[in-house]
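For ligands, and for the atoms within them, numbers begin at 1 and follow the listed sequence.
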Amino acid sequence: MPQGEFITRFAPSPTGHLHLGHAASAFCVWGFAHAAGGRVLLRMEDIDQTRCKPEYEASILEDLTWLGLEWSGPIRRQSEHFEDYEACLETLRERGLIYRCFKTRREIAEILDAEPESEMTAYIGAQLPASEEAERLERGDAFAWRLSLSAARDTLGSAYDDLSYTEFGPDGLHGVKADPAPFGDVVLGRKETPTSYHLACCHDDALQGITHIIRGEDIREMTSVHTLLQALMEWPQPLYHFHPLIMGPDGKKLSKRFGDRGLRAWREDGKTPTDIRAMTGLS
Ligand code: GLU
């Protein structure tokens, strides 16, 4: 295990009750923190105000407490800090790193479908000419703020090709080359919401002084995008650990296997936190 300060976080989105997959992830986060004598901060990634609900946050807190997982300090709710993310977007805009993209999801899907030969799996767009953009804004059209991969490359120069992050685990540290290109021009904000998961997450990791991030294998690839954002914003880079997703005996993700069966339902069935730990395959 790495020496020195260890501050990690558990960052659920309160869009439902915690299920076994979340419990496995939480045990892993607290397990590493405990082994390193570190701290776990709790962050509610609740920028999607249509899907996130206070009752789900209350349920998450209750479940973590029931599992015996204690967090340090106040909870950070992203929905209370939109102005922080807006300021980041403004900085990126002033530096010519983001642009307004007026394409709808459907239009983008059509563009990508029309290029079956291309390896491109993500959208790469371009800033509209000023007059056309002004016209679309005047019309009140919806848009997304996208990070321009080409502007990011120009800004970082050779550092772009050297982007990497460090993975930590029981076997020590090792460097991993980052490749943000397959994600194209990622969305960092929208007309109505001045942030996206990528921006709010990286901003908060920097602000909260997170030294170690423990997350599921399913977010491994996106870490390349986060590495790029950290380089552009000169945010410190935490170390990363990716835990395997817990699969049921049928090879399906636990969250899928049991639908959205929450921990509270298991609790009502008489399961104990020890049972839950065993059900996630951890002893
Ligand atoms: N809110 C994300 C999740 O629940 C956080 C993951 C992360 O950034 O590590 O999957």
Side-chain angles (χ1 to χ4, degrees), residues 6-33 38-54 56-61 63-64 67 69 71 75-82 84-85 88 147 165-169 176 178 180 183 186-189 193 195-230 233 235-247 253-256 260 262-263 280:
F6 191 111
I7 304 174
T8 187
R9 78 314 192 265
F10 185 61
S13 291
T15 55
H17 300 293
L18 290 189
H19 51 64
L20 286 173
H22 294 114
S25 185
F27 286 136
C28 196
V29 169
W30 265 271
F32 270 111
R39 291 187 285 139
V40 181
L41 309 186
L42 186 58
R43 179 196 305 159
M44 290 294 152
E45 299 209 323
D46 60 351
I47 55 175
D48 183 345
Q49 291 284 277
T50 53
R51 293 176 60 226
C52 296
K53 304 254 180 303
Y56 291 134
E57 176 183 317
S59 155
I60 290 171
L61 303 185
D63 286 346
L64 290 176
L67 291 174
L69 303 173
W71 59 92
I75 300 168
R76 180 170 173 93
R77 287 181 196 88
Q78 293 187 326
S79 60
E80 292 171 357
H81 300 282
F82 281 126
D84 291 4
Y85 313 127
C88 289
L147 176 66
Y165 58 87
T166 303
E167 208 171 323
F168 75 96
V176 181
F183 290 89
V186 290
V187 173
L188 294 188
T193 314
T195 188
S196 69
Y197 158 65
H198 299 304
L199 182 65
C201 170
C202 294
H203 171 277
D204 287 2
D205 288 335
L207 181 87
Q208 296 186 289
I210 301 299
T211 60
H212 294 70
I213 291 181
I214 296 138
R215 53 167 53 149
E217 274 292 354
D218 53 338
I219 329 185
R220 172 188 285 275
E221 311 250 292
M222 282 184 197
T223 302
S224 282
V225 173
H226 297 186
T227 302
L228 174 59
L229 268 179
Q230 287 154 353
M233 295 299 290
W235 285 328
Q237 196 185 58
L239 304 178
Y240 291 91
H241 176 82
F242 304 96
H243 62 75
L245 299 181
I246 310 293
M247 303 293 171
K253 259 174 82 171
L254 273 191
S255 51
K256 293 239 167 58
D260 55 1
L263 296 182
T280 62

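Side-chain contact check for F82 versus I47: some heavy-atom pair is nearer than 4.5 Å.
Legend: residues meeting side chain to side chain donor-acceptor pair (under 3.5 Å) with T211, ordered by chain and number and at least two apart, are absent. For D63, the side chain to side chain donor-acceptor pair (under 3.5 Å) criterion is met by R267, not counting sequence neighbours. A search for ring pair (Phe, Tyr, Trp, His ring centres under 6.0 Å) contacts involving H198 returns H226, not counting sequence neighbours.
Ring pair H212/F6 is parallel by interplanar angle, where below 30° counts as parallel and above 60° as perpendicular.
For ligand 1, the 4.0 Å heavy-atom shell takes in R9, A11, S13, E45, Y197, C201, R215, I219, ordered by chain and residue number.
Remark: the S13 side chain and the R51 side chain contain no N/O donor-acceptor pair separated by less than 3.5 Å.
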